[in-house]
Amino acid sequence: MLDVQKIRKDFPILNRKVNGKPLIYFDNAATSQTPQQVIDVIVDYYSNYNANIHRGVHALSQEATDAYEQARQKIQTHVNAKHAHEIIFTSGTTHGINLVANGFSSLLKEGDEVIVSALEHHSNIVPWQMLCERTGATLKIIPMDDNGDLILSELDTLLNENTKLVFVNHISNALGTINPIEDIIDKAHNVGAAVLVDGAQSCPHLKPDVQSLNVDFYVCSAHKVCGPTGIGMLYGKEEWLNKLPPYQGGGEMIAEVTFEKTTYAGLPHKFEAGTPNVCGGIAFGAAIDYMNAIGFETIAQYEHELLEYATHQLQQIEGVKIYGTAKKKTSVISFNVANIHPYDIGTILDKMGIAVRTGHHCAQPIMDFYKIPGTIRASFMFYNTKEEIDTFITALKKSILMLS
Ligand SMILES: *Cc1c(COP(=O)(O)O)cnc(C)c1O
């Protein structure tokens, strides 16, 4: 059982007021809040051992390097990667995807095919479009149905010997659908294609096992798992990371430099040019520790209760239509109310201290599918409560009255 009142004490931001009302934070799919345990790690870093890493012989540099590499190992253990050097620190999911897309520029040619799903975030669409433009490869789409599930049978007709890459998110940020990535990975591997899974929305709710998934690349952002912004990770299978060329040139990523020729450093440094976000990496590790201490099974179970509770309450309100009704979904509810614009409801909710997201959620193709401009999205984390949902429902009813 999860002791939510005890957990809430870890998050100082949950004590603040917004527009004179206690904050109710339901925009967790955009970014999660940070517990004191992680804030303390950040303060400790800058108070006691801030230094550049991998370079200095002095004590601070050693301490910072050790902590940074320990964080890499924590993430390795967390996602069950075979080697620590298969974990590349990035600035976030978007950076990880671009790193891989850029690397594949030199491996693709005209006639090759790349598949993405209809449920993607823009950051998992645009880099592949750019990749296809550069290489002459063709982009194909796995379609979705009304529930917000991918139509997996269509994937069989899209896959062929020209397919080189398949990209899909583990969980959709706009609808919360949990995609059957195990099947997608198997099917893609059967034709020899590599698979990148965008785990930005899954890592806050479950513990991925990259070896048992047999996935080639897996990316996520720390700021969605109770960590800071500006840091994330790319897992890549060793053989793939060795095949891809470096993304950026600079310090840290080289073995030897002369004006005639430069040789690159081994993994993971080949992909970590320049001074990295040292503090961010260490805090990312602390965030993973924090969530593991609560336990991902406990988290998932509690969040599922919140999802069911809120879904049921919303369904009682006349005019509410929920988008994304897949059987397997996480604690994300996208909805609209009759003809009211989502932005208007979002604005009134904010006046009552309630933070939700409104708009297309960086997933315009999904909005186009439903022929809507956007939705209101309420997304829950383990520190949210049923009482907050009750307050939200009352506020929503009030805002509907004001707007109709
Ligand atoms: C948030 C998100 C991203 C982008 O993550 P950044 O941290 O902004 O790079 C990509 N994909 C999905 C599914 C997301 O939810």
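The model shown is predicted, which means the values in this text are computed figures rather than measured ones. Any value given below was found using the heavy atoms of this structure, including those in side chains, with hydrogens, waters and symmetry copies removed. Each ligand, and each atom within it, is numbered from 1 in the order the structure gives.
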*Asks:* Within the structure, is a non-hydrogen atom of Asn124 found at a distance of less than 4.0 Å from ligand 1?
*Replies:* no
*Asks:* What atoms in ligand 1 come closer than 4.0 Å to a heavy atom of Ser123?
*Replies:* 3 (C), 4 (C), 10 (C), 11 (N)
*Asks:* Is it the case that Asn147 and Lys327 place a side-chain donor and acceptor less than 3.5 Å from each other?
*Replies:* no
*Asks:* Considering only protein heavy atoms, which is closest to atom 9 (O) of ligand 1, and at what distance to one decimal place?
*Replies:* Thr94 OG1, 2.5 Å
*Asks:* Please state which protein non-hydrogen atom is closest to atom 2 (C) of ligand 1 and give its distance, to 0.1 Å?
*Replies:* Lys224 NZ, 2.4 Å
*Asks:* Contact between His95 and ligand 1, counting heavy atoms under 4.0 Å?
*Replies:*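 Not so, His95 does not reach ligand 1.
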*Asks:* What part of Thr93, side chain from CB on, backbone N/CA/C/O, both or neither, has a heavy atom under 4.0 Å from ligand 1?
*Replies:*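 Both backbone and side chain of Thr93 come within 4.0 Å of ligand 1.
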*Asks:* Do any nitrogen or oxygen atoms of Asn169 come within less than 3.5 Å of a nitrogen or oxygen of ligand 1?
*Replies:* no
*Asks:* Using only heavy-atom distances, determine whether the side chains of Thr375 and Asn336 contain a donor-acceptor pair under 3.5 Å.
*Replies:*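 Side chains of Thr375 and Asn336: no pair found under 3.5 Å.
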*Asks:* What orientation do Phe26 and Phe392 show, parallel under 30°, tilted 30 to 60°, or perpendicular over 60°?
*Replies:* perpendicular
*Asks:* Specify the protein heavy atom at minimum distance from atom 11 (N) of ligand 1: its residue, its atom name, and the distance to 0.1 Å.
*Replies:*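 Closest protein heavy atom to atom 11 (N) of ligand 1: Asp198 OD2, 2.5 Å.
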*Asks:* Is the shortest N/O to N/O distance between Asn173 and ligand 1 below 3.5 Å?
*Replies:* no
*Asks:* Side chains of Tyr323 and Ile372: does their closest heavy-atom pair fall under 4.5 Å?
*Replies:*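 Contact flag for Tyr323/Ile372 side chains = yes.
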*Asks:* Among side-chain atoms of Asn28 and Tyr383, is any donor-acceptor pair under 3.5 angstrom?
*Replies:* yes
*Asks:* List the steps, then state whether side chain to side chain contact (heavy atoms under 4.5 Å, CB included) holds for Thr275 with Glu252.
*Replies:* CA-CA 7 Å; Thr275 303; Glu252 198 85 32; 5.8 Å; no
*Asks:* Report, in ascending order of atom number, the atoms of ligand 1 lying under 4.0 Å from any heavy atom of Ser221.
*Replies:* 5 (O), 6 (P), 7 (O), 9 (O)
*Asks:* When you measure from the side chain of Asn179 to the backbone of Asn169, do you find a donor-acceptor pair of N or O atoms at a distance under 3.5 Å?
*Replies:*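 Yes: the side chain of Asn179 pairs with the backbone of Asn169.
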*Asks:* Answer yes if the side chains of Tyr68 and His54 hold a donor-acceptor pair under 3.5 Å, and no otherwise.
*Replies:* no
*Asks:* For ligand 1, which part of Glu120 has a heavy atom less than 4.0 Å away: the side chain, the backbone, both, or neither?
*Replies:*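 Neither part.
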*Asks:* Any atoms of ligand 1 less than 4.0 Å from a non-hydrogen atom of Gln201? List them with their elements.
*Replies:*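 In order of numbering, the contacting atoms are 13 (C), 14 (C), 15 (O).
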